[in-house]
S.K.: 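Once you've had a glance at the structure underneath, I'll fire off some questions.
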Amino acid sequence: MIVDGRSFRATVLTLYPEMFPGHLGTSLSGRAMERGQWSLDTVQIRDFATDRHRTVDDTPAGGGAGMVLKPDVLARAIDHVGEGRPRLLMSPRGKPLTQARVRELAAGDGVVIVCGRFEGVDQRVIEARSLEEVSIGDYILSGGEPAALIVLDAVVRILPGVMGNDLSGLHESFEDGLLEHPHYTRPQVFEGREIPAVLTSGNHGAIDKWRKAEALKLTAERRPDLLAKMATKSTSQG
Ligand code: SAH
């Protein structure tokens, strides 16, 4: 079942294609892939090295530790994929990934993701191929592959028809700029703790109000930066 006739195409450039599709081959994303709602192919960057040793990295200009991915090899791999889709480079120096960017990506035809390794990639290929640097957080991974899997996980789960219940994607943390309210399910009493009475009252107006208040409280406690961002947004909108 392809819900709106669209199929999202992901291409990942990596030195470790065996890391894909990883967890995305299981559960909802795996089934969506089987149904043809999205596809994932990998390009082995090393296939675009031209020397006898198939060298992909070299020592950093200016000296220092580690190695740098060569721009010529990576550019050939990128050109092999062709144009037409956004090209991301996973990078701790990139713009932090947001649900807003995830939504934009999911609305498109697909994405090309370059996974860095070593100390990173030569700056000139980032510029020459207009790579959009994207970070998944302020910590350092050993390679871009897990970061690419995270970006794709976030995108694929909101493609039309991928989640069992499409509505469940609408009321989540970040979708309205807030963290989500807490969840409860049976049993009614767990180790002496009861489900908040309002949630079993059947009064949907009161339930909505409670959830909104809890979301605000949680966001104020844990992520005051999100509230500050919302405040700036509403001021700038007049
Ligand atoms: N020397 C670099 C880190 C290189 S880590 C620096 O200090 O900025 C090797 C590769 O892992 C990177 O090229 C990138 O592709 C990936 N990576 C590491 N941390 C990441 C993060 N937080 N977000 C996205 N990609 C990351």
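As the structure lists them, so they are numbered: ligands from 1, and atoms in each ligand from 1. In this chain, residues are counted from 1 in sequence order.
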S.K.: Do Val114 and Arg87 come within less than 4.5 Å of each other through their side chains, counting heavy atoms only?
M.R.: no
S.K.: Would you confirm whether Thr55, through its side chain, and Asp51, through its main-chain N or O, come within 3.5 Å as a donor-acceptor pair?
M.R.: no
S.K.: So does Asp109 have more than 12 non-hydrogen atoms from other groups sitting under 6.0 Å from CG?
M.R.: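 Incorrect, the count does not exceed 12.
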S.K.: Scan side-chain atoms only and decide if Arg85 and Thr11 contain a donor-acceptor pair under the 3.5 Å cut-off.
M.R.: yes
S.K.: Can you name the residues that come within less than 4.0 Å of ligand 1, going by heavy atoms only?
M.R.: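 Correct list: Met90, Ser91, Pro92, Gly116, Arg117, Phe118, Glu119, Gly120, Val134, Ser135, Ile136, Gly137, Tyr139, Ile140, Leu141, Ser142, Gly143, Gly144, Ala147.
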S.K.: Do Arg46 and Gln44 have side-chain atoms, one donor and one acceptor, less than 3.5 Å apart?
M.R.: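 No, no side-chain donor-acceptor contact under 3.5 Å.
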S.K.: Going by atom types alone, do Ser173 and Glu180 pair a side-chain donor with an acceptor below 3.5 Å?
M.R.: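 Ser173 vs Glu180: no donor-acceptor pair found between side chains.
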